[in-house]
Amino acid sequence: MDDLNEEYYFDTIEEFQSERYFVLVIYDIVDNKKRLKLSQYLLGYGIRVQKSSFEMMITKEKYNKLIKELPTYIEEGEDSIRLYKILGKGQMKAWGQENLEEEIEEVVII
(Lines give C-alpha, C1' and ligand atoms only; values in the text may rest on other atoms or scores of the structure.)
Protein backbone atom coordinates (compact mmCIF):
# COMPACT_ATOMS: atom_id res chain seq x y z
CA MET A 1 0.00 0.00 0.00
CA ASP A 2 1.75 3.08 -1.25
CA ASP A 3 0.00 5.75 0.76
CA LEU A 4 -1.97 4.18 3.57
CA ASN A 5 -3.71 6.93 5.50
CA GLU A 6 -4.87 5.34 8.72
CA GLU A 7 -7.21 7.66 10.55
CA TYR A 8 -9.25 4.89 12.12
CA TYR A 9 -7.88 5.75 15.56
CA PHE A 10 -8.84 9.38 15.22
CA ASP A 11 -12.29 9.19 13.61
CA THR A 12 -14.17 8.71 16.85
CA ILE A 13 -16.80 10.75 18.61
CA GLU A 14 -15.06 13.42 20.70
CA GLU A 15 -16.67 12.24 23.95
CA PHE A 16 -15.47 8.68 23.37
CA GLN A 17 -12.04 9.89 22.30
CA SER A 18 -11.55 11.83 25.52
CA GLU A 19 -11.94 8.63 27.54
CA ARG A 20 -9.14 6.81 25.69
CA TYR A 21 -5.57 7.55 24.66
CA PHE A 22 -3.83 6.58 21.46
CA VAL A 23 -0.40 5.33 22.52
CA LEU A 24 2.67 4.29 20.57
CA VAL A 25 5.34 2.22 22.35
CA ILE A 26 8.72 1.57 20.76
CA TYR A 27 11.56 -0.27 22.40
CA ASP A 28 15.11 -1.58 22.09
CA ILE A 29 15.75 -4.43 24.53
CA VAL A 30 19.11 -6.24 24.35
CA ASP A 31 18.22 -9.51 26.12
CA ASN A 32 16.09 -11.87 24.01
CA LYS A 33 14.08 -13.25 26.96
CA LYS A 34 13.26 -9.77 28.27
CA ARG A 35 12.34 -8.58 24.78
CA LEU A 36 9.98 -11.54 24.32
CA LYS A 37 8.37 -10.94 27.74
CA LEU A 38 7.84 -7.26 26.91
CA SER A 39 6.30 -7.99 23.52
CA GLN A 40 3.92 -10.55 25.07
CA TYR A 41 2.98 -8.02 27.75
CA LEU A 42 2.30 -5.31 25.16
CA LEU A 43 0.07 -7.66 23.14
CA GLY A 44 -2.34 -7.39 26.06
CA TYR A 45 -2.67 -3.67 25.33
CA GLY A 46 -2.54 -3.27 21.56
CA ILE A 47 -1.22 -4.49 18.25
CA ARG A 48 2.31 -4.94 16.97
CA VAL A 49 2.89 -2.70 13.95
CA GLN A 50 6.62 -3.37 13.57
CA LYS A 51 9.08 -5.69 15.28
CA SER A 52 9.64 -3.34 18.21
CA SER A 53 6.61 -1.08 18.13
CA PHE A 54 3.02 -1.33 19.30
CA GLU A 55 -0.03 0.89 18.82
CA MET A 56 -2.86 0.91 21.30
CA MET A 57 -6.08 2.70 22.13
CA ILE A 58 -6.42 2.42 25.91
CA THR A 59 -8.28 3.90 28.85
CA LYS A 60 -6.66 6.28 31.32
CA GLU A 61 -6.52 3.47 33.90
CA LYS A 62 -4.72 1.11 31.51
CA TYR A 63 -2.37 3.94 30.51
CA ASN A 64 -1.44 4.58 34.14
CA LYS A 65 -0.85 0.86 34.73
CA LEU A 66 1.28 0.67 31.57
CA ILE A 67 3.58 3.57 32.48
CA LYS A 68 4.00 2.13 35.96
CA GLU A 69 4.99 -1.35 34.72
CA LEU A 70 7.10 -0.56 31.63
CA PRO A 71 10.26 0.41 33.56
CA THR A 72 10.41 -3.11 35.06
CA TYR A 73 11.25 -4.48 31.61
CA ILE A 74 14.49 -2.55 31.07
CA GLU A 75 18.06 -2.86 32.26
CA GLU A 76 19.41 0.65 32.89
CA GLY A 77 22.23 1.58 30.53
CA GLU A 78 21.39 -1.15 27.99
CA ASP A 79 17.73 -0.93 27.07
CA SER A 80 15.23 1.76 26.16
CA ILE A 81 11.48 2.09 25.90
CA ARG A 82 9.69 5.14 24.50
CA LEU A 83 5.99 5.78 24.99
CA TYR A 84 4.16 8.45 23.01
CA LYS A 85 0.66 9.52 24.06
CA ILE A 86 -1.02 11.29 21.16
CA LEU A 87 -3.66 13.81 22.16
CA GLY A 88 -6.26 15.51 20.01
CA LYS A 89 -6.84 14.77 16.37
CA GLY A 90 -3.78 13.11 14.94
CA GLN A 91 -2.83 11.52 11.68
CA MET A 92 -0.71 8.54 10.72
CA LYS A 93 0.68 7.59 7.32
CA ALA A 94 2.33 4.27 6.53
CA TRP A 95 4.24 2.93 3.54
CA GLY A 96 5.25 -0.62 2.73
CA GLN A 97 3.92 -3.90 3.98
CA GLU A 98 1.14 -3.73 6.53
CA ASN A 99 2.01 -6.03 9.45
CA LEU A 100 -0.90 -5.55 11.80
CA GLU A 101 -1.41 -8.73 13.80
CA GLU A 102 -5.06 -8.02 14.43
CA GLU A 103 -7.67 -5.51 13.47
CA ILE A 104 -9.04 -3.16 16.11
CA GLU A 105 -12.74 -2.52 15.91
CA GLU A 106 -14.17 0.21 18.08
CA VAL A 107 -17.86 0.20 18.89
CA VAL A 108 -19.45 3.44 20.03
CA ILE A 109 -22.89 3.24 21.60
CA ILE A 110 -24.78 6.51 21.96
Side-chain angles (χ1 to χ4, degrees):
M1 297 181 188
D2 291 337
D3 186 18
L4 179 64
N5 185 357
E6 305 225 2
E7 293 190 25
Y8 56 92
Y9 287 114
F10 307 106
D11 289 338
T12 58
I13 296 173
E14 202 167 309
E15 178 182 326
F16 177 75
Q17 189 177 31
S18 67
E19 296 174 7
R20 294 180 172 250
Y21 301 141
F22 175 68
V23 176
L24 172 64
V25 176
I26 57 174
Y27 58 89
D28 186 9
I29 306 295
V30 175
D31 182 80
N32 289 336
K33 284 184 180 182
K34 282 185 174 181
R35 188 171 52 249
L36 179 60
K37 279 185 176 183
L38 176 60
S39 67
Q40 290 172 339
Y41 174 73
L42 291 173
L43 282 172
Y45 285 87
I47 57 172
R48 182 191 301 262
V49 292
Q50 291 187 358
K51 289 183 180 180
S52 295
S53 66
F54 283 79
E55 290 178 352
M56 50 200 76
M57 182 69 83
I58 57 177
T59 63
K60 181 179 180 179
E61 292 77 21
K62 282 191 172 188
Y63 173 80
N64 290 332
K65 182 180 178 192
L66 181 65
I67 61 172
K68 189 175 190 177
E69 294 181 7
L70 280 178
T72 65
Y73 288 90
I74 67 167
E75 184 68 38
E76 290 293 329
E78 291 183 356
D79 303 326
S80 69
I81 299 175
R82 290 178 174 255
L83 181 145
Y84 298 90
K85 180 171 72 170
I86 301 173
L87 302 173
K89 187 157 176 77
Q91 184 178 25
M92 189 278 290
K93 292 188 182 287
W95 294 265
Q97 184 176 355
E98 186 174 346
N99 290 325
L100 299 179
E101 290 186 351
E102 63 181 73
E103 294 287 327
I104 293 181
E105 289 189 27
E106 298 290 341
V107 178
V108 179
I109 300 174
I110 300 175

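Residue indices begin at 1 and follow the sequence shown. Computed from heavy atoms alone, side chains included, the values below leave out hydrogens, waters and symmetry copies.
- Under the side-chain contact (heavy atoms from CB on, under 4.5 Å) criterion, L36 pairs with S39, Q40, sequence neighbours left out.
- Residues meeting the side-chain contact (heavy atoms from CB on, under 4.5 Å) test with E76, sequence neighbours left out: I74.
- Clustering of Ile, Leu, Val, Met, Phe, Trp and Tyr side chains at separations under 4.5 Å places I26 together with L24, Y84.
- Between T59 and Y21, the closest heavy-atom pair is O-CD1, 4.5 Å.
- With sequence neighbours left out, S80 forms a side-chain contact (heavy atoms from CB on, under 4.5 Å) with D28.
- When atom types are taken as modelled, the side chain of R48 and the backbone of K51 share a donor-acceptor pair closer than 3.5 angstrom.
- Atoms CZ and OH, on R82 and Y27 in that order, are 15.5 Å from each other to the nearest 0.5 Å.
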Inset, instruction - Would you please test I47 and M56 for side chain to side chain contact (heavy atoms under 4.5 Å, CB included) and show each step? - result: CA-CA 6 Å; I47 57 172; M56 50 200 76; over 6 Å; no
Output side-chain donor-acceptor pairs under 3.5 Å for residues 61-72, partner residues at least two apart or in another chain, one line each.
from : atom 1 : to  : atom 2 : distance (Å)
N64  : ND2    : K60 : O      : 3.3
E69  : OE1    : Y41 : OH     : 2.5
T72  : OG1    : E69 : O      : 2.6

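- Under the 4.5 Å side-chain criterion, counting only non-hydrogen atoms from C-beta, K34 is not in contact with Y73.
- Judged purely by atom type and a 3.5 angstrom limit, R35 uses its side chain to pair as donor or acceptor with the backbone of I29.
- Residues L43 and F54 are in side-chain contact: their nearest non-hydrogen atoms beyond the backbone lie under 4.5 Å apart.
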